[in-house]
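Keep in mind that the numbers below use all heavy atoms, side chains included, and drop hydrogens, waters and symmetry copies. Quick caveat: nothing in here was measured; it's all calculated off a predicted structure.
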Amino acid sequence: MNFYFDASKILDRLDAKQGSIKGLIATLPEKNRKRSAALIIETLKYKPVLLEVIASSGLMKQERKLTSQSLVLVLVHDLLLARGIQSGDGPIKQAILRHKTRLHGEFQKLKIKRGAASTSELAQTADERSAAIPRYVRVNTAMWTTPQAIEYLTSRGFTLTDSYTSGASDSKDFAKDAHIQDLLLFAPQTSFADEPAYQTGKLILQDKASCFPAAVLAPPASDYAVVIDATAAPGNKTSHLSALMKNKGKLYAFERDARRFKTLKTMLDKAQCTNAVPVHRDFLTVDPNDGQYSSVTHIGSGIVNRLDYLVESGTKEDEDVTADRLSKLAAFQLKMIKHAMKFPQVKKIVYSTCSIHATENEHVVRDALLSEEAQANQFSLAPRNEALGSWSRRGLESEMASKGKAFSSPYYHCLQLRLPNAEDAESVIRCSPGEDFTNGFFVSCFIREEGCGVETSKRKAEDDGNANPLKKKAKKKKVKKSLYLAKVA
Ligand SMILES: C[S@@+](CC[C@H](N)C(=O)[O-])C[C@H]1O[C@@H](n2cnc3c(N)ncnc32)[C@H](O)[C@@H]1O
């Protein structure tokens with residue numbers, strides 16, 4: 001199974017644009033390199049087809065052990081297009097084999113649908129593959145405006161077109177993105193390495209999906225604004241936040257890793273983020289009531305790619321270790337959200353991941369909504385129209401729905417919790433690599449309902465001798481329907 005783990009790791013790194021196919025394959029142990037290279041290249045050729053077959057078979061929904069899409073891709077590749085899965089028996093292999101008939105059936109159906117006489121007709125060419133994800137370039141509006149950038153780019157030989165079409169990879173056409181302001185799309189192979197506007201920080205190369213967190217957080221552009229980026233390095237998101245704040249107010253950028261903190265500082269300097277204050281510190285150690293940060297109203301927290309952790313476990317006892325690491329990582333992510341919810345003035349928290357796995361996404365959101373911190377401080381999910389509503393791929397309904405019954409709030413005995421349900425999946429955003437012209441990504445947005453009828457913190461309720469908060473504020477406003485608290489009839 002290690003051979004498959006290695007190949008899936010490379011696929012994930014390719015999705016995350018961490019290198020070229022050739023470069024990443026060279027990092028594999030020499031022993032299996034040739035065999036892994038063949039598997040990776042063949043899987044990439046058939047990736048869209050395999051993804052479609054996997055989705056229509058319902059495999060990943062039904063098999064909880066299958067949390068890595070890339071691992072499933074390479075295994076299903078070998079099952080359908082090679083000599084079968086070449087590994088000893090284990091829970092992952094068994095999970096795939098349970099769906100063998102269905103997978104074969106869906107593959108045949110797809111061949112017929114596409115009118116392919118042979119399997120090879122379903123393969124994408126290298127050009128088609130590289131044409132898939134455009135080169136995304138964000139205009140750093142801290143330094144100039146988008147119209148100015150467009151004028152400049154035009155003078156450099158590029159041509160603005162109405163919409164991006166994945167045409168020739170050396171095309172000089174570019175277009176404005178349909179969802180993110182100030183984001184431009186170029187042909188995938190366009191190089192900006194020698195471009196002065198890129199070298200000076202006026203243009204920032206940033207995948208479209210990673211622009212979503214700042215756009216959803218939509219921090220205020222006011223001299224009094226106080227915003228936190230809890231996990232800042234290398235700084236693309238921070239510089240985006242800073243630009244949206246028009247460099248006003250204060251943007252505290254936390255980074256706990258010393259080396260990455262240096263990168264963050266360099267990046268923020270280069271992008272002229274004058275309102276950003278880099279802080280070399282673990283966000284979890286910050287006292288939410290510390291006078292310096294207590295007035296923060298918006299917090300963004302985005303975590304490191306799960307795969308680095310996942311692959312470390314690829315040496316032995318793969319599946320269980322993987323699942324265990326995933327849950328540990330999810331628990332850490334939950335801790336970050338819950339900590340953010342403790343800041344007394346915070347009204348919006350955006351949690352994002354570059355993972356496509358429900359364990360780190362919908363499940364973390366679900367647990368956060370049911371946490372003491374969310375209950376005590378009245379956090380709910382922002383409705384779809386406040387979280388990039390125009391983006392069509394939303395969360396996974398089955399993963400968002402909680403199991404179990406509603407239960408009474410430990411804080412407000414007169415309230416009963418409404419459990420997160422399938423409809424809440426509409427509030428969150430997903431990006432699917434290979435389908436959305438982006439990397440895999442997940443974004444969620446928690447908002448605090450103001451004046452919704454209960455006190456805003458546990459502490460306050462305790463200070464007031466646990467008085468019934470509903471009675472106390474009943475005159476103010478009704479409890480909003482979107483909250484995860486509902487009055488017991
Ligand atoms: C995925 S990266 C963030 C990417 C960044 N938001 C961007 O778009 O450029 C996560 C970063 O958060 C840092 N980090 C993780 N947990 C942290 C914590 N508790 N406090 C501060 N930094 C943390 C990691 O060291 C890492 O550099």
Side-chain angles (χ1 to χ4, degrees), residues 12-13 15-19 136-138 140 142-143 183 192 198-217 219 226-245 247 249-286 292-293 296 298-312 329-330 332-337 339-340 343 349-355 360 364 438-444:
D12 281 320
R13 292 204 157 159
D15 275 341
K17 288 197 167 14
Q18 289 175 356
Y136 290 107
V137 176
R138 183 167 60 76
N140 180 7
M143 295 172 76
L183 187 69
F192 284 87
Y198 163 68
Q199 290 166 342
T200 53
K202 292 171 99 174
L203 294 176
I204 292 173
L205 305 188
Q206 185 171 0
D207 179 61
K208 174 170 175 168
S210 71
C211 295
F212 286 5
V216 172
L217 191 63
V226 184
V227 174
I228 283 181
D229 184 351
T231 52
N236 282 343
K237 174 161 46 90
T238 320
S239 76
H240 192 188
L241 286 168
S242 171
L244 293 176
M245 294 172 76
N247 254 329
K250 279 252 175 339
L251 169 58
Y252 293 104
F254 285 88
E255 175 51 55
R256 67 178 178 187
D257 179 90
R259 195 174 46 84
R260 292 174 67 85
F261 181 68
K262 266 192 186 166
T263 313
L264 172 70
K265 283 212 304 190
T266 310
M267 159 67 176
L268 297 179
D269 277 351
K270 183 173 162 185
Q272 294 184 14
C273 303
T274 50
N275 70 337
V277 182
V279 188
H280 182 204
R281 182 170 171 184
D282 186 330
F283 171 66
L284 290 172
T285 66
V286 177
Q292 194 171 6
Y293 307 115
V296 64
H298 292 61
I299 300 180
S301 173
I303 51 91
V304 75
N305 193 339
R306 176 196 69 89
L307 294 157
D308 295 340
Y309 298 83
L310 181 66
V311 178
E312 278 171 33
L329 199 58
F332 165 74
Q333 290 150 12
L334 180 61
K335 226 170 159 181
M336 295 288 278
I337 304 174
H339 191 65
F343 285 72
I349 298 166
V350 167
Y351 165 68
S352 58
T353 75
C354 40
S355 163
E360 289 168 287
V364 170
T438 66
N439 292 333
F441 218 80
F442 175 86
V443 186
S444 58

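- With contacts defined as side-chain heavy-atom distances shorter than 4.5 Å, the pair Tyr293/Val279 qualifies.
- Atom OH in Tyr136 sits 6.5 Å away from atom CG in Asp207 (nearest 0.5 Å).
- Side chain of Asn247 to backbone of Thr274: a donor-acceptor contact under 3.5 angstrom is found.
- Two residues are said to be in side-chain contact when any heavy atoms from C-beta on lie closer than 4.5 Å; His339 and Ser301 fail this criterion.
- The two residues His240 and Ala214 make their nearest non-hydrogen contact at ND1-CB, 3.3 Å.
- Here the shortest heavy-atom pairing between Thr438 and Ala209 reads CB-CB, 4.0 Å.
- In this structure, Gln272 CD and Met143 CE are separated by 4.0 Å, a value rounded to the nearest 0.5 Å.
- Judged by distance alone, the side chains of Thr353 and Glu360 never bring a donor and an acceptor atom under 3.5 Å apart.
- Between Gly201 and Lys270, the shortest heavy-atom distance links the atoms N-CE, 3.7 Å.
- Taking 4.5 Å as the limit, every side-chain heavy atom of Leu251 sits out of range of all side-chain heavy atoms of Cys273.
- In this pair, Phe254 and Tyr252 present their aromatic rings tilted. The plane angle is within the 30 to 60° band.
- Between the NZ atom in Lys265 and the NE2 atom in His280 there is a gap of 10.0 Å [rounded to 0.5 Å].
- Between Leu284 and Arg256, every side-chain heavy-atom pair lies at or beyond the 4.5 Å cut-off.
- Other residues, nucleotides and ligands contribute over 12 non-hydrogen atoms within 6.0 Å of the CZ atom of Phe192.
- Side-chain atoms of Asn236 never come within 3.5 Å of backbone atoms of Gln206 as a donor-acceptor pair (strictly under, hydrogens ignored).
- The closest side-chain heavy-atom distance from Met267 to Ile204 is below 4.5 Å.
- Cation-pi contact between Lys335 and Tyr351: absent, since separation from the ring centre below 6.0 Å together with deviation from the ring axis within 45° is not met.
- If you take CE on Met245 and NZ on Lys250, they are separated by 10.0 Å, rounding to the nearest 0.5 Å.
- The nearest pair of heavy atoms linking Thr231 to Met336 is CG2-CE, 3.4 Å.
- Contact record, Gly235 with Leu264: CA-CD1, 3.6 Å, taken as the closest heavy-atom pair.
- Taken from CG in Asn439 to OG in Ser210, the straight-line distance is 7.5 Å, to the nearest 0.5 Å.
- Side chain to side chain, Ser242 and Asn275 meet the donor-acceptor criterion of an N or O pair below 3.5 Å.
- Here the two rings, on Phe441 and Phe212, have centers that are 6.0 Å apart or farther.
- Side chains of Phe343 and Ile349 form no contact here, defined as non-hydrogen atoms less than 4.5 Å apart.
- Minimum heavy-atom separation, Ser352 to Pro213: OG-CG, 3.6 Å.
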